[in-house]
Amino acid sequence: MTTARLPLFPLNAVLFPGLVLPLNVFEERYRAMMRELLKSDEDEPRRFVVVAIRDGREIAPTATGMPDTVAAAPPPERAPAEGFGPDPIQTFHRVGCVADAATIRERADGSFEVLATGTTRVRLLSVEASGPYLTTEVEELDEEPPGEDEGDEAGALAEGVLRAFRAYQKRLAGASERSLATGADLPDDPSVISYLVAAATVLDVPTKQRLLQAPDTATRLREELTLLRKETAVIRHLPSLPATDLTRAPTHPN
């Protein structure tokens with residue numbers, strides 16, 4: 001079993017392989033992580049693990065996105081494991097995703113804008129809090145390879161999921177929305193489709209985490225098909241819906 005120790009960035013969100021994650025890094029423990037990543041050679045990947053926090057377990061604040069304005073006063077410094085209980089690994093889901101930070105830009109106030117991309121699913125084996133930020137020992141979590149018939153099934157399921165996803169987008173956006181993703185905007189690979197749809201569908205963290213942990217592409221696609229049909233049926237009976245960024249700009253894998 002091949003393992004690696006990497007910096008750990010807990011979030012109230014699930015990162016999927018191939019998807020882009022913007023981060024607004026303002027806490028000192030995560031600033032220290034970014035400063036350390038910047039020490040690596042530009043030709044080397046700047047990797048860290050993103051893991052979702054279990055429902056009801058978060059105490060310490062986290063934030064994603066790149067806002068136009070930055071708070072004038074930085075938040076108080078926190079110990080690496082502060083807010084995550086006496087045994088931090090119990091606060092996190094055990095399956096996360098390695099992120100490769102293509103862009104790390106430091107602001108004048110010492111906070112960072114980070115643009116990372118999910119690469120590989122990993123299983124957390126341990127969490128260490130002795131340094132300036134959390135680190136985790138992980139093992140890569142490969143998807144179970146499909147057999148010949150299973151590969152054909154995944155392809156058929158991917159086509160069904162794409163049809164269901166388009167119907168879901170139309171219901172979410174309204175029939176007059178002009179900027180929906182079209183077939184040309186979406187990939188052909190069933191595995192990539194499964195991750196893209198999981199990221200782009202409006203679902204709670206536990207559901208997204210379940211999709212991330214699915215043992216293979218066909219299982220993930222099968223569950224997504226059920227979820228999309230259910231969500232579309234619910235939307236059909238709602239009198240109105242708030243606008244969402246999802247319906248105004250398609251999500252693209254890197």
Side-chain angles (χ1 to χ4, degrees), residues 11-22 50-58 62 64-65 92-97 117-118 121 141 143 146 150 152-254:
L11 288 173
N12 275 320
V14 178
L15 177 63
F16 293 90
L19 276 296
V20 173
L21 174 70
V50 172
V51 66
I53 301 166
R54 293 183 184 275
D55 274 0
R57 302 297 297 272
E58 183 188 23
T62 57
T64 59
F92 310 135
H93 287 281
R94 295 299 177 92
V95 174
C97 185
T117 302
R121 297 188 309 162
L141 188 62
E143 292 204 3
E150 292 172 328
D152 294 340
E153 180 190 13
L157 282 168
E159 292 179 6
V161 165
L162 285 180
R163 287 194 297 271
F165 182 64
R166 293 189 189 101
Y168 165 81
Q169 280 193 308
K170 288 178 182 177
R171 286 288 179 182
L172 197 63
S176 63
E177 179 63 60
R178 298 181 179 180
S179 59
L180 293 170
T182 65
D185 297 317
L186 296 170
D188 297 324
D189 183 270
S191 180
V192 176
I193 290 171
S194 75
Y195 287 131
L196 172 61
V197 170
T201 306
V202 181
L203 301 167
D204 59 23
V205 169
T207 302
K208 285 180 179 283
Q209 182 67 32
R210 192 167 67 247
L211 293 173
L212 178 68
Q213 295 178 190
D216 55 66
T217 297
T219 299
R220 186 176 301 108
L221 288 167
R222 198 178 296 114
E223 182 164 358
E224 287 171 350
L225 190 57
T226 300
L227 287 167
L228 286 167
R229 288 170 174 170
K230 178 181 177 181
E231 292 297 315
T232 303
V234 170
I235 293 169
R236 188 181 297 123
H237 293 91
L238 292 178
S240 63
L241 287 170
T244 66
D245 291 341
L246 164 63
T247 63
R248 305 199 180 281
T251 303
H252 296 283
N254 190 40

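Taking NZ of Lys230 as the reference point, atom CD1 of Ile235 lies at 12.5 Å (rounded to 0.5 Å). Taken to the nearest 0.5 Å, the CZ atom of Phe165 stands 6.0 Å off from the CG atom of Leu196. To the nearest 0.5 Å, the span separating CD on Glu224 from CZ on Arg229 amounts to 12.5 Å. We find the CG-CG distance between Leu21 and Leu15 to be 5.5 Å, quoted to the nearest 0.5 Å.
A salt bridge is absent between Glu231 and Arg171: the closest approach of a Lys/Arg side-chain nitrogen to an acidic carboxylate oxygen does not fall below 4.0 angstrom.
Side-chain contact check for Ser194 versus Val161: every heavy-atom pair is 4.5 Å or farther apart. By the 4.5 Å heavy-atom criterion applied to side chains, Leu211 and Leu227 are counted as neighbours. Using a 4.5 Å cut-off on side-chain heavy atoms (C-beta onward), Thr117 and Leu19 make no contact.
Distance alone, capped at 3.5 Å, places no donor-acceptor pair between the Lys208 side chain and the Leu203 backbone. Under a 3.5 Å cut-off, the side chain of Arg121 and the backbone N or O of Cys97 do not form any donor-acceptor pair. Of the possible donor and acceptor atoms, one in the side chain of Thr232 sits under 3.5 Å from a partner among the backbone N and O of Leu228.
The two residues Val20 and Pro22 make their nearest non-hydrogen contact at O-CD, 3.9 Å. Closest heavy-atom contact between Pro190 and Ala154: CB-O, 3.9 Å. In terms of heavy-atom proximity, Ala214 sits nearest to Thr219 at CB-CG2, 4.3 Å.
Residues Thr217 and Glu143 have side chains that bring a donor and an acceptor to within less than 3.5 angstrom of each other.
Every residue two or more places apart in sequence or in another chain that forms a side chain to side chain contact (heavy atoms under 4.5 Å, CB included) with Arg94 is listed here: Arg54, Ile89, Gln90. With sequence neighbours excluded, the residues forming a side chain to side chain contact (heavy atoms under 4.5 Å, CB included) with Gln209 are Val14, Ala52, His93, Val95, Leu212, Gln213, listed by chain and number. Applying the salt bridge (Lys or Arg N to Asp or Glu O under 4.0 Å) criterion to Glu223, with sequence neighbours excluded, gives Arg210.
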Check against side-chain contact (heavy atoms from CB on, under 4.5 Å), Arg220 and Tyr195: CA-CA 8 Å; Arg220 186 176 301 108; Tyr195 287 131; 3.5 Å; yes

Apply side-chain contact (heavy atoms from CB on, under 4.5 Å) to the pair Val197 and Leu221, showing each step before the final yes or no. CA-CA 9 Å; Val197 170; Leu221 288 167; over 6 Å; no

Between Tyr168 and Val202, does a side-chain contact (heavy atoms from CB on, under 4.5 Å) hold up when you go through it step by step? CA-CA 10 Å; Tyr168 165 81; Val202 181; 3.4 Å; yes

